[in-house]
Amino acid sequence: MADERAPVKEPQGTPLSTDLDLVMRVREGDPDAFETLVRRHLPRAHAVATSVLRDEDQADDVCQEAFLAVLRRLEQLRDPERFLGWLLRITRNIALNQLKREGRSVLLPLESLENYPGEDDPDEMMREKGVQDQLRDAVAHLSGLPKRVFILHELEGWDHGEIADELGISKGSSRVHLYLARRTLRARVARPVLEEA
C-alpha cells in the first residue's frame, strides 16, 4: 500500500499546478485539487507535527485535524501563494495545543530535520542521513532567537515578516538571527569534514 505521506507525483510531462491554482480550484468546489494539496504538503506537515509531539501516531491525528481546519478556513487565506506556510503554522499550533492539553512541555522542533520522502537511491539517502544527523546535532547547539528563527524559516517555511510578528522582532533582526544560525551551523557541520582531510 502506498504511503500517504509520499510526495505527490504527476505523470512525466504534466506540469504541476501551483498552490495558488489549487487553492482557487478548491474554492470553486474541486475536491481533486484539495487532494493534490494534501498529497503535496502532507510530508512537511507531518514532519512539523512529529517534531513538536515526538509521536508518529499523534502527528497523524494532528495532520488530519490541520487539513480539516485548512479546508474550513480556506476562504480566510488572504495570499493563496503562501498556502504551505499557512498550513504549517496551523499544524504547529494544533500540535502545540495538543502538548498543552497533555501537560507536556513545549520543545522547539528539531526532528523536522528527518529525511523527507524522496526519489533518491538508497545509497544517496544514507549519505544524506549522515549529513542530516550532523545538522540535527548542530541545531541542538543553537539557542535563543537564532535557533527559533532558523527553525521557523528553514523548517517551517515562514518568511521574515511572519517570524518578526511571531517573535516580536523586526524583519532585519530576523535576517540577522538567521545569518548567525547558518554561520554557526556551517562551522559545526564543516569541522568534522575538515578534520578528516
Side-chain angles (χ1 to χ4, degrees), residues 1-99 109-126 128-129 131-132 135-136 150-163 165-166 178:
M1 188 169 107
D3 184 352
E4 290 181 348
R5 294 189 298 264
V8 65
K9 293 181 186 177
E10 294 187 18
Q12 250 184 340
T14 303
L16 286 170
S17 298
T18 65
D19 285 353
L20 172 62
D21 295 334
L22 292 169
V23 168
M24 299 313 287
R25 284 168 44 198
V26 173
R27 286 177 172 173
E28 292 167 2
D30 181 351
D32 292 335
F34 186 70
E35 177 65 25
T36 301
L37 282 170
V38 171
R39 287 179 46 81
R40 178 179 292 176
H41 297 305
L42 182 57
R44 291 282 301 273
H46 195 270
V48 168
T50 302
S51 73
V52 173
L53 296 165
R54 310 278 196 271
D55 182 288
E56 293 275 332
D57 293 331
Q58 284 187 325
D60 289 341
D61 294 340
V62 163
C63 286
Q64 183 176 0
E65 190 177 337
F67 277 104
L68 287 173
V70 160
L71 188 57
R72 284 193 304 267
R73 300 184 210 159
L74 199 57
E75 292 300 326
Q76 298 170 18
L77 177 59
R78 287 180 295 214
D79 187 355
E81 290 179 327
R82 301 173 65 112
F83 175 82
L84 177 58
W86 184 63
L87 164 66
L88 296 181
R89 204 164 29 255
I90 289 171
T91 304
R92 182 173 181 267
N93 288 339
I94 291 171
L96 290 171
N97 288 338
Q98 176 72 23
L99 279 185
L110 295 178
E111 303 308 322
S112 298
L113 294 167
E114 288 294 334
N115 190 31
Y116 292 117
E119 299 177 48
D120 298 325
D121 64 72
D123 291 338
E124 180 63 24
M125 288 175 71
M126 288 306 292
E128 287 179 8
K129 178 90 169 78
V131 172
Q132 288 165 358
L135 185 56
R136 187 179 304 106
F150 178 83
I151 289 169
L152 291 173
H153 188 274
E154 298 297 329
L155 303 181
E156 297 190 22
W158 293 32
D159 68 25
H160 288 292
E162 293 168 325
I163 293 169
D165 291 343
E166 174 75 10
L178 181 61

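- Of the inter-residue distances, the one linking Asp165 atom CG with His160 atom NE2 reads 13.0 Å to the nearest 0.5 angstrom.
- With rounding to the nearest 0.5 angstrom, the NE2 atom of His41 is 8.5 Å from the CG atom of Leu88.
- Heavy-atom minimum distance, Ala45 versus Thr91: O-CG2, 3.5 Å.
- At least one side-chain heavy atom of Arg27 sits under 4.5 Å from a side-chain heavy atom of Leu74.
- Taking a 6.0 Å sphere around CD of Gln64, one finds it holds 12 or fewer heavy atoms contributed by other residues, nucleotides or ligands.
- Residue Leu53 comes nearest to Ala59 through the heavy atom pair CD1-N, 4.0 Å, listed as atom of the first residue, atom of the second, then distance.
- Using a 30° and 60° split on the angle between ring planes, Phe34 and Phe67 fall in the perpendicular class, above 60°.
- Shortest non-hydrogen contact noted between Trp86 and Arg73 is CH2-O, 3.6 Å.
- Interatomic distance, CG of Leu178 versus CD of Glu154, reported as 5.5 Å (0.5 Å rounding).
- Between His153 and Trp158, the closest heavy-atom pair is CD2-O, 3.3 Å.
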Start with the C-alpha distance between Val62 and Val48, add both sets of side-chain angles, then the distance that settles side-chain contact (heavy atoms from CB on, under 4.5 Å), and finish with yes or no.
-> CA-CA 10 Å; Val62 163; Val48 168; over 6 Å; no
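- Distance check: Arg92 CZ to Leu87 CG gives 13.5 Å after rounding to the nearest 0.5 Å.
- A salt bridge links Arg89 with Glu162: the closest approach of a Lys/Arg side-chain nitrogen to an acidic carboxylate oxygen falls below 4.0 angstrom.
- The distance from atom CG of Leu37 to atom CG of Leu42, rounded to the nearest 0.5 Å, is 11.5 Å.
- Counting heavy atoms from C-beta on, the side chains of Leu84 and Arg40 never come closer than 4.5 Å.
- Within the model, atoms CG of Leu77 and CG of Asp19 stand 9.5 Å from one another, a figure rounded to the nearest 0.5 Å.
- Closest non-hydrogen pair, Ile94 versus Ala66, comes out as CD1-CA, 3.5 Å.
- Using a 4.0 Å cut-off between charged nitrogen and carboxylate oxygen, Arg25 and Asp32 do not count as a salt-bridge pair.
- Annotation for Gly29 and Pro31: closest pair O-CD, 3.0 Å, computed over non-hydrogen atoms.
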